[in-house]
Amino acid sequence: MSATTSVRPVLPPDIKARKGGQPLVVLTAYTTPMARLVDPHCDMTLVGDSLGMVLHGMPSTVGVTMEMMILHGRSVVRGLSKAMAIIDMPFGSYEESPQQAYRNAARLMAETGAPCVKLEGGAHMAETIAFLTTRGVPVMAHIGLTPQAVNTLGGYKVVGRDGEADKVMADAKACEAAGAFAIVLEKVPQGLTSRITAALNIPTIGIGAGVDCDGQVLVIDDMLGLFTDFRPKFVKRYAELGKLADAAISTYAAEVRAREFPAAEHAFADVLPAKAKS
C-alpha cells in the first residue's frame, strides 16, 4: 500500500482571494505538452482563442469555433494538475443572448473540464456575465482591446486614451458588479490600469497594461519566440525558440541530403547480436 499526494487545483475563489497579493502568473497553452510545462509555474493557464492565429494561421481570432476551443481545451486540461484552466468563449458563441452564452459556456466546461470561461466585453456584457455567474459558470471578463471586435475597432489599438478612460473604468466596474471573478485589461494605458486596479475588489490581469495589475498574461508562443509573424510592443521575448528550431531543422535537412543521417547507431541490424554466455 503506497501513499499518494494530490495537488489541489486552483479555482476561481482562490484567484479572487489573491486580489492585492503576490502577482498572478498566467500563460496561454493549447496542447498537453505545453500545459505540462507551464503548470508548475503558473496560477492560471488560458486556452485562448489566440490559438486561431498562432496554431492555425488565421488572420484574427474571429474564425475560431467552439469545436476548436473544445479540442484544445481538453488537451490543456489533461496536462494540468495545479494551475487553473480558463477557456475562451469564441466569437459568436455568447453575444446573441445570455441564454446562448449559458448553453455554450456549459458545453465548454462540461466537454473540457475547465472550471471557468472568459468572454470579451464590458458594460454591454454585464447582463450576460450575471446570467452565467448566478447559474454556476465562473466568468473572467476581458475589456480594453477586445480582439474579437477588431473589425469594429479598426485594428489592435490602445483603448483608454482620448476621452475613453471613463468608459473603460465603467466597463470594469460593470463586470465586477455582474459577478466576474477577475478581469483582463488589454492594451490599456498604464495610468488608467492603476486606477482601475485600485477601484476594483477583483484581480486585474494585464496584457499590455503595465505593471500595476494584480497579474500578467502573455501568449506562450510570443514570449518563447515561436510565433514570429509579428511582435506586439508589450511582449518580452524570454527565449528565441523559433530561431533554435529553424537552425535544428536546417541541420537535419543538410544531414539527410548528405546521407549523414541516419547513422549506424540509428539503424537496426538484420540479426540480433548473440547474448554472451555467463
Side-chain angles (χ1 to χ4, degrees), residues 4-5 7 9 25-88 90 111-114 147 156 207-208 216-278:
T4 59
T5 302
V7 178
V25 179
V26 192
L27 284 170
T28 65
Y30 316 112
T31 64
T32 302
M34 193 63 78
R36 288 173 176 160
L37 286 173
V38 304
D39 183 56
H41 309 287
C42 291
D43 301 293
M44 294 179 276
T45 301
L46 173 63
V47 187
D49 58 0
S50 49
L51 62 85
M53 301 173 76
V54 300
L55 293 187
H56 295 277
M58 294 178 171
S60 73
T61 62
V62 173
V64 175
T65 65
M66 282 284 292
E67 288 68 27
M68 292 166 70
M69 296 308 303
I70 290 169
L71 175 67
H72 290 283
R74 284 174 178 163
S75 297
V76 168
V77 170
R78 286 190 200 108
L80 299 178
S81 60
K82 176 186 72 70
M84 185 180 76
I86 313 156
I87 187 160
D88 266 344
E111 296 190 30
T112 67
Y156 298 95
I207 178 166
Q216 299 292 331
V217 59
L218 282 178
V219 171
I220 188 79
D221 299 73
D222 284 339
M223 61 89 70
L224 291 179
L226 291 168
F227 181 76
T228 56
D229 288 5
F230 59 87
R231 178 180 173 181
K233 172 183 170 63
F234 56 77
V235 169
K236 177 178 178 179
R237 288 271 170 81
Y238 287 83
E240 292 290 352
L241 300 190
K243 291 180 180 178
L244 289 174
D246 179 72
I249 294 166
S250 175
T251 301
Y252 164 74
E255 289 188 2
V256 169
R257 292 181 178 119
R259 295 191 179 275
E260 295 174 0
F261 175 83
E265 63 266 28
H266 308 118
F268 298 94
D270 292 294
V271 179
L272 287 174
K275 291 184 179 180
K277 293 182 180 181
S278 56

- Message: Students often mix this up, so state it plainly: with edges at 30° and 60°, are the rings of His72 and His56 parallel, tilted or perpendicular?
- Response: perpendicular
- Could you tell me the separation between the CE atom of Met66 and the CD1 atom of Ile87, rounded to the nearest 0.5 Å? 8.0 Å
- Message: Return the CG to OG1 distance between Leu241 and Thr228, rounded to the nearest 0.5 Å.
- Response: 11.5 Å
- Query: Are the side chain of Ser250 and the backbone of Asp246 linked by a donor-acceptor contact shorter than 3.5 Å?
  - Reply: no
- Task: For residues Met53 and Thr61, determine if any side-chain heavy atom of one lies less than 4.5 Å from a side-chain heavy atom of the other.
- Result: yes
- Which distance, rounded to the nearest 0.5 Å, do you find between the CG of Asp222 and the CZ of Phe234? 7.0 Å
- Task: Considering non-hydrogen atoms only, spot the tightest contact between Ala85 and Val77 and give its length.
- Result: CB-CG2, 3.9 Å
- Taking every heavy atom of Pro147 against every heavy atom of Tyr156, the minimum-distance pair comes out as CB-CE2, 4.2 Å
- Note on the structure: d(His41 NE2, Leu27 CG) to nearest 0.5 Å is 9.5 Å
- Note on the structure: Heavy atoms of Gln216 and Ile207 approach each other most closely as OE1-N, 4.4 Å
- Indicate yes or no for a side-chain donor-acceptor contact from Thr28 to the backbone of Ile220 under 3.5 Å, with no hydrogens or angles considered. yes
- What pair of heavy atoms forms the shortest contact from Val219 to Ser50, and how long is it? CG2-OG, 4.0 Å
- Could you tell me whether the side chain of Asp39 and the main chain of Leu80 form a donor-acceptor pair under 3.5 Å? no
- Note on the structure: Between the CG atom in Leu46 and the CG atom in Asp88, the distance rounded to the nearest 0.5 Å is 5.0 Å
- Please report the shortest heavy-atom distance between Pro90 and Val64, naming the atom on each side. CB-O, 3.5 Å
- Nearest heavy-atom contact between Gly48 and Tyr30 is O-CE2, 3.5 Å
- Distance (rounded to the nearest 0.5 Å) between Arg231 CZ and Arg237 CZ: 5.0 Å
